[in-house]
Every structure is written in structure tokens, then in C-alpha cells.
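First listed ligand is number 1; within each ligand, the first listed atom is number 1. All residue numbers in this chain count up from 1 along the given sequence.
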Amino acid sequence: MADLEKTRPPAPVPLEWEYAPAPESREIVHFQERYGLFVGGEQIEPRSGEWYSTIAPASEEHLAEIAQAREEDVDLAVQSARDAFENGWSRLPGSERAKYIFRIARILLERSREFAVAESLNSGKPIRESRDVDVPIAAAHFFYYAGWADKLEYAFPNRRPHPLGVAGQIIPWNFPLLMLAWKIAPALACGNTVVLKPSHTTPLTALLFTDVCRQAGLPPGVVNIITGDGRTGAAMVRHPGIDKIAFTGSTGVGKDIQRAIAGTGKRLTLELGGKAANIVFDDCALDQAVEGIINGIYFNQGEVCCAGSRLLVQESIYEQVIAKLKRRMSTLRVGDPLDKNTDVGAINSREQLDRITELVESGREEGAEIFQTECTLPDRGFWFAPTVFTNVAQSYRIAQEEIFGPVLSVLTFRTPEEAVEKANNTAYGLSAGVWTEKGSRILWMAERLRAGVVWGNTFNRFDPASPFGGYKESGFGREGGRHGLEAYLRFE
Ligand code: NDP
């Protein structure tokens, strides 16, 4: 028998490998037809009487009707958070607060599939990412900060920490549940109460989260979720009853917020845009680096503030890196976010797609060379093919501005000093990556790169124990780790 098998000719290798569709079922998620505002532990109709439709960016299908909160609604939510803060939450022993936060973490994990499907539907990101990154790391943040709630005195010895009061939290559309977790977990651990506004394009996982709060028995008013567009966010920023604003989003809006609260005494943390350099030295493990470049820019369609959107390659390996990169790009599967084999999903909104298209056009006009993978994009929904620009000058808009899409700009360097100079030649300073076999070179680079996070031989790694935040126009304040607690405390 064994001899027979040896003589049998090997099966022909197929010329093309086609994946069968592997869609995740939508059945696990049940959206309400309409979602009111989550204030005082229950859903209420907006006083504004206004509603809007939230859609699936992959198909433009209507998913649910969402309340548009205005000044009066913001006022009710802040009042509810203030009552909850004064009537118990801030005086609860840390060990008791920890129990609620721990319960939230556990329920999120129990309902992880439902949250992953809802997130992919409403944001357009691939289920592989929402299932393996967004939801587990969101739960990990609640677990992590549950652990700190009764240890604040140890985290800041001899400084007598106290909660700030009501935190107003405004989050973007690229990581809706994860940003919610980054904001709510440390705020509650420190004894604050919360009014949170998700982006108007991605409200659904935040609204599902209100059910988790109810399931966990969280006292009414500790977490309030209000929906609406930028006007709702602006009303929160102006509200005198809010003690602290935590914002993640564009640098432009971040600057407006800073101006609006100047002189009010409100505390502020800003996590804004980025234009990270991913720096590849000629002694690196090349295939590993190419995976890191792909993950750095095409993860979440490049809609990531810390995306490695500027690739700096050492000149001696330039041709080799570009050839390997293009080959790897051509294997990326773009399409249905709910398909488990999808690598790149839908762009979050038509506005974002227009922004990406406009910047890519400017790259062509300024003289860069464009390469896009051949892929059939669906007829409906918002899509952009993975793109790389070579022959890029530092002055081009695609090398300076945040594109927030699956678009990579490649530059070269000869020496480590030149790499540092080019990497730092940006208004931003959120993250950077260094690929080299030399540990000492990673440390040398990390000391000189003006970026809040520097990854060595990896990219886009997130851990609740590790602080994250920016320099320059990428904002200030840190989220995550022990540093993330400080943003929600005052000290005697
Ligand atoms: P925004 O900064 O407008 O949105 C972030 C959040 O702020 C959303 O909840 C938004 O509401 C809200 N908001 C909008 N205007 C105001 C305001 N005047 N006062 C208070 N809150 C406000 O980002 P965009 O969605 O417009 O994206 C634009 C660009 O910003 C992207 O192309 C990207 O470059 C960058 N960006 C960076 C992010 C990051 O993680 N650092 C995240 C998102 C965007 P709503 O969305 O409902 O309008």
C-alpha cells in the first residue's frame, strides 16, 4: 500500500486558490427598530424629537433608528450622572466598584460573538478583527481596571486620590466598542460617573452595551449613553456640569474643544490623529517585517490613528521590500466584513471614502507612483482597494496628512540618523515602528523618535496595561495602564 502511494503522481497544484464564502451568521444580533437615549438606567425618548438612521457601510442597509440628542438631552444625561455620582457611586468602596466592572468584563466576553457581529455590521470592519481584537481587548480593559479600583492608594502612594466627578467622553467610529472600554473602564474604576457619546455612524455596540450595564446591575446613572452627531459632542463640551472631557478623534475637533474649555477648569485628555513611521532596517527579518507593514496599514482598512501609514525603508533593501509587499498585498481579501476570510472590510462612511479618494488623487497629481491590488469591489457600500504609493517626497500631502484609509506612502533612508529625522518630520507624534535584528538600535531609535508608542519588531499591539497617547498634534494625556487612572483623579 505504502509503495503504491509512493508511485502515484502528486495531485496537480491548482493555479488559483479560491476561498469558499465563510460568512458569520447575523442571527445572534437583534437590533431594536429604534434606540432612545440611555439616561438614568433606562432608554428615554430624546427631548429633541429627532431621529436618524444608522446603516451598514458594507451594504448601505438601514440597521436601526437612533436618537439625535440636543442641549436639553445632554443636560438630562449630565444631571443623571451627577445624581449617581453624589448619591452613592463616588462613596462606594473600591472593592464594590470593582465587582461591577468585573461583571461587565465577564458579560462582554459571554456575549462576545454578538458584539463582534454587531461591530462588523455597523462599522464595516472584518469579523476576524472585531472577534479577535476589538471585543477581547475591550473586555480586557474592564478586567484590568476592575483590578485597580480598590488599589488607587497603592497606585499613587501618599497622594490621596479622589474622583473628578462627571466625565464627558466623546469617541470616534474606528473602534467603537474598544474606545468605549478605554474611556469607561478607568473612569468607573476611579469612582467617576460617565456621559458617553459614540460617533453618529457607529452607535450600535454602545447601545448594546447599555444592556450589559443593566445585566451587571450597575446603579442607574453611573453610565449614560447619548447618541447624535458633532452638535451633541459640542453641547457636552459646553455643559458646565461636566468636570472632564475625554476625546478621541480628529486633530481639528480636538483643537476646537481645547479652545472651548479654556479657562473653565474642566480637565481634558485628547487622543488625536497620527502619521506613524514604520521604519525597516536592512538587517531585519524581512518576511516578518512585511507582515508588520501589512498589519500596520491595512488593519481596520487603515482607519487607525496609530496606523503605520509612512513606510521608511533602508535604501539597500528597497526593491526587495517593495516586491515582497506587492506580492503580499495581492493576497489580501477585500469584501464582506462578516466573512471570516476577509482581511479588508468596508470604509466606514461615504464622507470618509470621499476624504480618502481626494487625498489619493492629490498623491497622483503631485507625482507619486500608485499601485493598487486587483480586487473586485462590491457595487453597494463604501470600498477602497489596498493602495501603496512609491516615489513619495516628504512634502507631498500623502506623506504629511492623515489619510485614515488603506493607503501607504513609501519613503527611503540611508542611515539611522536620517530615519529619525524623516520619521519626526510630521506635525503628529502618536506611534512608530522599528524593524531590526539589533535590540540596541531599537532602543537608540526609541529614545529619539517623538512618538508616544514605539513598537519594536511588531506593530499595532495593544495591551490594557500599557499606556497609549501622543505628542505634538496627536494630543496629550495617556490611556491604559496606571497612567490611564491619573486622567480620572484629582489629588489632595
Ligand atoms: P471627528 O473628530 O469629527 O469625530 C470624533 C468624535 O467627535 C465623534 O463622536 C464626533 O461626532 C465628535 N464631534 C464632531 N464634531 C464635534 C465637535 N465640534 N465637538 C465635539 N465633538 C465633536 O472625526 P471625523 O469622523 O470627522 O473624522 C475626520 C478625520 O479625523 C479622519 O479622517 C481621521 O483623519 C481623523 N480621526 C481620527 C481618529 C483617531 O482615532 N485619532 C478617529 C476618527 C477620526 P460624529 O462622529 O457623530 O460627528
Ignoring hydrogens and angles, tell me if any N or O in the side chain of Y52 forms a donor-acceptor pair with the backbone of H200 under 3.5 Å. yes
List for me each residue that meets side chain to side chain contact (heavy atoms under 4.5 Å, CB included) alongside A187, sequence neighbours excluded, and say none if there are none. Q169, N192, V194, Y488
Is the NZ or CZ atom of K326 both under 6.0 Å from the centre of the six-membered ring of F371 and within 45° of that ring's axis? yes
Would you please name every residue forming a ring-ring contact (aromatic ring centres under 6.0 Å, His included) with Y100, sequence neighbours left out? W89
My understanding is that only residues two or more places apart in sequence, or in another chain, count here; which of them pass side chain to side chain contact (heavy atoms under 4.5 Å, CB included) with T376? none
Ring-face cation of R450 near Y471 (centre distance under 6.0 Å, axis angle within 45°): yes
For ligand 1, output the ligand-protein N/O contacts shorter than 3.5 angstrom; if there are none, return none.
unit_1	atom_1	unit_2	atom_2	d
ligand 1	2 (O)	S250	N	2.8
ligand 1	2 (O)	S250	OG	2.6
ligand 1	9 (O)	I171	O	2.8
ligand 1	9 (O)	K197	NZ	3.2
ligand 1	11 (O)	K197	NZ	3.0
ligand 1	19 (N)	A234	N	3.4
ligand 1	25 (O)	W173	NE1	2.6
ligand 1	27 (O)	R355	NH1	3.2
ligand 1	32 (O)	Q352	OE1	3.2
ligand 1	32 (O)	Q352	NE2	3.3
ligand 1	32 (O)	R355	NH1	3.3
ligand 1	34 (O)	E402	OE1	2.8
ligand 1	40 (O)	N174	ND2	3.4
ligand 1	41 (N)	G249	O	3.2
ligand 1	41 (N)	L272	O	2.8
ligand 1	46 (O)	S199	OG	2.7
ligand 1	47 (O)	K197	NZ	3.0
ligand 1	47 (O)	H200	N	2.7
ligand 1	47 (O)	H200	ND1	2.7
ligand 1	47 (O)	G228	O	3.4
ligand 1	48 (O)	H200	ND1	3.4
ligand 1	48 (O)	G230	N	3.4

